[in-house]
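Comments concern the structure below.
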Amino acid sequence: MARPVKEEEEESEDEEIEEEEQADGWNDWEAGDEDSEAEFLCLFCDTKWNSREELFNHCVSDHAFDFEGIRKSMGLGFYGSFKLINYIRFKVASNKCWRCGLGLQSKESLLNHLHEVESFNYDCSAPWGDDKYLQPFLQDDALLHSFGGDDDDDDFYDATFLPDERDPMVEVVNVDEALMKSVIDEEDILDIVATETGVQNEIIKGMDVRQSSQVPSKKSKDKSLKVSFANVMAREIKNVNESYFGSYSSFSIHKEMISDKVRMDAYRGAILGNPTLMNQATVMDVGCGTGILSLFAAQAGASRVFAIEASEKMASVAKRIAKDNGLLKQNGEPAGAIDVVHGMVEELDKRIEIPPHSVDVLLSEWMGYCLLYESMLSSVLYARDLWLKPGGAILPDMATIFVAGFGRGGTSFPFWEDVYGFDMSCIGKEVTEDAAQLPIVDIVDSQTLVTDPCVLHIFDLVTMRREDMDFTANFELTPKSQNSPSSSPNMAIWCYGVVLWFDTGFTSRFCKETPTILSTSPFGPKTHWSQILLTFKEPIALLSENSLQNSETARKSGLKIGTDVDPAVKIMGRISIARASRHRSIDASMEITGVGHDGGTQTFPVQIFNM
Ligand code: SAH
């Protein structure tokens with residue numbers, strides 16, 4: 001899967017929304033009742049209490065939530081307690097049960113549900129462990145602040161509960177500062193958006209109003225900006241998602257993917273070639289599109305296939321296709337294993353009840369350009385954590401990003417140099433300058449590579465965490481061991497930048513009968529993912545260590561390493577790839593150092609790329 005890289009989408013509209021919502025945010029704050037005395041807003045309902053003790057007593061009797069009990073049994077320290085409170089506020093805002101994760105239709109149903117579910121299992125690992133819950137859900141949450149100023153509460157700060165030796169009283173201030181800088185987590189905003197699609201603004205504003213009317217606010221205006229920011233973020237995520245899933249409603253993109261033989265052979269081979277894995281299995285296909293992978297899974301003998309698709313159009317198409325091929329699961333009729341469910345996998349609990357950890361095989365084609373563009377991997381990890389059985393299979397289960405240096409042939413210089421006999425190389429120069437900021441998606445001829453490739457980063461989908469999608473990796477590139485027959489062994493070759501590509505592995509860990517690799521390498525047949533080129537600001541001359549004669553002379557004359565007079569023997573690099581603030585985009589940074597024959601180094605300015 002690789003959707004075309006899009007230019008900035010509907011920028012002016014976003015700006016308008018931002019202005020609108022900031023205005024709304026201010027109004028909400030000003031509408032507040034600043035004289036209210038009770039500060040402690042319940043974690044579950046709209047009641048307010050005069051002290052933390054009163055609030056927690058109410059939580060025990062009315063919401064079956066025993067804060068003190070949990071804190072003591074689980075040995076929660078300051079941070080753990082802080083996170084627990086924020087976690088619960090996040091969940092409640094999206095009408096989700098903090099204990100079992102079930103999403104309810106309304107606040108009322110949630111409150112009833114809390115009395116029905118089994119009491120909390122203190123032996124389980126804390127679902128609020130993620131550091132994102134250090135961020136207060138409510139601005140100026142009196143409950144959080146109460147932990148900082150209560151001298152009677154020494155045991156609460158017992159050093160044995162703390163993750164380190166720091167003074168918690170000081171930490172309250174520091175945590176606050178850190179939180180001012182932190183960014184609202186998109187998954188939680190998604191939860192909120194998911195709960196009230198279309199009215200998510202009102203939900204977040206609702207919290208704003210509730211806070212301003214019930215909790216006296218000291219610095220309401222500048223804090224309201226943060227809540228407005230949440231509004232804008234939520235709207236932005238919703239817009240980007242709409243445009244993203246909208247792009248998958250076009251059949252042409254599915255045709256392109258299904259026509260990609262390398263892709264199809266790998267998935268088909270892995271699914272049909274491993275009958276022991278697939279036979280009678282419960283499968284989940286995250287992002288089924290036309291449903292092609294689910295059809296393979298059903299063909300391979302899966303007894304139940306949940307085919308999840310967020311694009312409404314594709315979900316109905318996939319349903320029709322499964323039905324036309326006699327593979328749709330229908331009440332009262334025999335056969336069909338496939339259940340097509342429309343919705344984001346992150347919202348699935350609103351559409352269908354799939355018991356937690358009941359899926360044997362998690363299947364998905366989630367890879368974007370440069371592997372991570374589109375950030376769909378996080379949806380697969382979300383599904384893994386919720387539905388995959390312990391020890392269950394993920395197809396594919398490994399992904400590796402590779403890097404190699406490319407030469408002049410990988411740039412557009414040769415193309416523009418001779419256009420029907422005319423020299424248009426000025427265009428080539430401009431294009432290459434732009435390419436030093438914008439990654440180029442293109443098919444790279446392996447002949448244009450001037451270094452041997454090396455592994456940049458490996459993801460193990462079984463063990464990786466969502467935050468591991470952002471990574472920094474070092475690499476070393478040396479001149480290609482087998483240069484082209486035309487190149488002279490003592491002549492430097494110019495490296496213009498690096499090419500990235502990926503492989504995904506259906507390894508023998510799960511695919512015991514037929515392990516398979518899907519490669520998007522320039523050495524193999526081309527795929528619709530092409531490769532990604534990150535172009536250097538200036539090319540670096542390279543010559544293999546054995547061929548060098550004159551680097552000492554060059555060094556004395558003060559010339560840079562990486563020129564043709566003093567070529568580098570290797571390039572040391574560091575690339576970071578991280579999800580960008582713009583939802584579903586990624587940023588890459590590249591730091592490059594040329595290493596001379598005598599070990600001297602030349603570092604080039606860091607380059608940042610966005611896609
Ligand atoms: N599995 C199909 C389609 C792959 S393209 C095939 O191999 O041909 C990825 C699909 O995943 C798109 O149709 C997209 O709409 C869907 N998708 C992406 N993120 C999703 C999410 N979070 N939940 C559900 N579907 C998603």
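Remember, predicted model here, so these are calculated numbers, not experimental data. Quick note: numbers below take in every heavy atom, side chains included, and nothing from hydrogens, waters or symmetry partners. One-based numbering, in listed order, for ligands and for the atoms of each.
Distance OG1/T504 to CD1/I401: 11.5 Å, rounded to 0.5 Å.
Near H254, with a cut-off below 4.0 Å to any heavy atom, the atoms of ligand 1 are 13 (O).
When heavy-atom distances to ligand 1 are checked against a 4.0 Å cut-off, E346 comes that close only through its side chain, counted from C-beta outward. Of the heavy atoms in S364, none comes closer than 4.0 Å to ligand 1.
In terms of polar-atom proximity, S379 is counted as a contact of ligand 1, with an N or O under 3.5 Å from an N or O of the ligand. Residue A310 places at least one N or O, backbone or side chain, under 3.5 Å from an N or O of ligand 1.
With respect to atom 1 (N) of ligand 1, the closest heavy atom belonging to the protein is G287 O, 2.8 Å. E309 OE2, 2.6 Å is the protein heavy atom nearest to atom 15 (O) of ligand 1. Considering only non-hydrogen protein atoms, atom 20 (C) of ligand 1 sits nearest to F245 CE2, 3.5 Å. Protein heavy atom at the shortest distance from atom 9 (C) of ligand 1 is M1 SD, 3.3 Å. In terms of protein heavy-atom proximity, atom 12 (C) of ligand 1 is closest to Y248 CG, 3.4 Å. Nearest protein heavy-atom neighbour of atom 23 (N) of ligand 1: V345 N, 2.9 Å. Atom 8 (O) of ligand 1 has as its closest protein heavy atom R263 NH2, 2.8 Å. Closest to atom 2 (C) of ligand 1, if we only count protein heavy atoms, is C288 O, 3.2 Å.
Distances shorter than 4.0 angstrom occur between a heavy atom of M344 and an atom of ligand 1. Put simply, part of G343 is less than 4.0 Å from ligand 1, judged by heavy atoms. The shortest heavy-atom distance from Y267 to ligand 1 is not under 4.0 Å.
For an aromatic pair to be called close, the ring centres must be under 6.0 Å apart, and F506 with F510 fails this. The distance between the ring centers of Y267 and F296 does not fall below 6.0 angstrom. For F306 and W387, the ring centers sit 6.0 Å or farther from each other.
No hydrogens or angles considered: nothing links the side chains of D442 and S530 as a donor-acceptor pair under 3.5 Å.
Side-chain N or O atoms of Y87 include one that pairs as donor or acceptor with a backbone N or O of W98 at under 3.5 Å.
The aromatic rings of F459 and F471 sit perpendicular to each other, their planes meeting at more than 60°, with 30° as the lower class boundary.
For R466 and D385, the salt-bridge test fails: no basic side-chain N is under 4.0 Å from an acidic carboxylate O.
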